[in-house]
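Keep in mind that what you see is a predicted model, and the values were worked out from it rather than measured.
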Amino acid sequence: SNKYGPGGNKDKVSTDGGDTSLLFEAGDKLTNIPTQINDRIGATPVVGNAGFETGCVVGNPPAAPWTVGGASNKDCNNSVFRTGGWSVRVNNAYVYQTLNLKSGFNYNFSAYARDNAASGPTLTLLISSTAGGGVTYCQAATTATVFTLVTCNYTPTSDQTVYLNLMAAGGVSFNGYFDDVSVSIN
């Protein structure tokens, strides 16, 4: 593994008697720490374009790795967002991406969701076996009119690929928004 000392000097580790920060390159296996930590780091999938900040153009679908599904609107929005400058707007539709999970880890999925009206759609974070449905592993929903954190947990019993879906259903003339999607291991 590559070790970095203060100032980013490769292979130079300081022993200044205080707290010393070490930097590691992506993919490096950490040494001199419990194996469980390396296993945990390798098991944590990354949600791509989690805040919809990359490649968004108003009215266009969100950029990869997001894919769109459903009959109605699912596009980038820069007028209603939680952080950054973008969110995804869904209306009787969904966006999704796949994530690879490792057996035996408890995954916590989360997203911020917001309806634009009290009678708007139900916004759902759904972890499932296929895009837009299939076997449901976990789900959480809201109809809040302010950005609200929705979370669900799932522990797979074998390594598997799941679909992380952000869905809005039931308010044809109203929009729902999602932002700041994440996954972590508990």
Which ILVMFWY residues can you reach from Met167 by hopping between side chains whose heavy atoms are under 4.5 Å apart? Tyr94, Tyr96, Leu126, Tyr163
Taking side chain to side chain donor-acceptor pair (under 3.5 Å) as the test, write out the residues that go with Ser184, two or more places apart. none
Is the shortest heavy-atom distance from the side chain of Phe109 to the side chain of Val47 under 4.5 Å? no
Side-chain heavy atoms of Ile185 within contact of Asn108, under 4.5 Å: no
Matching residue for Val95 among Leu164, Val68, Thr67 - test: side chain to side chain contact (heavy atoms under 4.5 Å, CB included): Val68
What is the distance from atom [atom1] of [X] to atom [atom2] of [Y], rounded to the nearest 0.5 Å?
{"X": "Leu123", "Y": "Arg114", "atom1": "CG", "atom2": "CZ", "answer": "10.5 Å"}
{"X": "Asn60", "Y": "Asp75", "atom1": "CG", "atom2": "CG", "answer": "8.0 Å"}
{"X": "Lys74", "Y": "Leu166", "atom1": "NZ", "atom2": "CG", "answer": "13.5 Å"}

[X] to [Y] - nearest heavy-atom pair and separation:
{"X": "Asp179", "Y": "Glu53", "value": "OD1-OE2, 4.5 Å"}
{"X": "Pro62", "Y": "Cys56", "value": "CA-SG, 4.4 Å"}
{"X": "Lys102", "Y": "Tyr107", "value": "N-OH, 2.8 Å"}
{"X": "Ala113", "Y": "Thr142", "value": "CB-CG2, 3.7 Å"}

Residue pairs, two or more places apart or on separate chains, that pass ring-ring contact (aromatic ring centres under 6.0 Å, His included) and touch residues 48-69: Phe52-Trp66
Side-chain polar contacts of residues 76-83 - donor-acceptor pairs under 3.5 angstrom, sequence neighbours left out - could you list them?
{"from": "Asn77", "atom 1": "OD1", "to": "Ser79", "atom 2": "N", "distance (Å)": "2.8"}
{"from": "Asn77", "atom 1": "OD1", "to": "Ser79", "atom 2": "OG", "distance (Å)": "3.3"}
{"from": "Asn77", "atom 1": "OD1", "to": "Val80", "atom 2": "N", "distance (Å)": "2.7"}
{"from": "Asn77", "atom 1": "ND2", "to": "Ser79", "atom 2": "OG", "distance (Å)": "3.4"}
{"from": "Arg82", "atom 1": "NH1", "to": "Asp180", "atom 2": "OD2", "distance (Å)": "2.7"}
{"from": "Arg82", "atom 1": "NH2", "to": "Tyr112", "atom 2": "OH", "distance (Å)": "3.4"}
{"from": "Thr83", "atom 1": "OG1", "to": "Asp180", "atom 2": "OD1", "distance (Å)": "2.7"}
{"from": "Thr83", "atom 1": "OG1", "to": "Asp180", "atom 2": "OD2", "distance (Å)": "2.8"}

Are side-chain N/O atoms of Asn100 and Thr161 paired as donor and acceptor at under 3.5 Å? yes
Check the pair Val58, Trp86 against side-chain contact (heavy atoms from CB on, under 4.5 Å), reporting the backbone distance first and the verdict last. CA-CA 9 Å; Val58 172; Trp86 294 91; 3.7 Å; yes
Please answer whether the main-chain N or O of Thr54 pairs with a side-chain N or O of Asn49 as donor and acceptor at a distance below 3.5 Å. yes
Please report, to 0.1 Å, the donor-acceptor pairs under 3.5 Å made by any side chain of residues 146-158, with sequence neighbours excluded.
{"from": "Thr148", "atom 1": "OG1", "to": "Val146", "atom 2": "O", "distance (Å)": "2.9"}
{"from": "Asn153", "atom 1": "OD1", "to": "Asn186", "atom 2": "ND2", "distance (Å)": "3.1"}
{"from": "Tyr154", "atom 1": "OH", "to": "Gln160", "atom 2": "OE1", "distance (Å)": "2.5"}
{"from": "Thr155", "atom 1": "OG1", "to": "Asn106", "atom 2": "OD1", "distance (Å)": "3.1"}

Could you go through Ser110 and Ser182, starting from their C-alpha distance and side-chain angles, then the distance that decides it, and tell me whether this counts as side chain to side chain donor-acceptor pair (under 3.5 Å)? CA-CA 5 Å; Ser110 66; Ser182 69; 2.7 Å; yes
Pairs involving residues 125-134, ordered by first then second residue, that meet side-chain hydrogen bond (donor to acceptor under 3.5 Å, both in side chains) (sequence neighbours left out): Ser128-Asn165
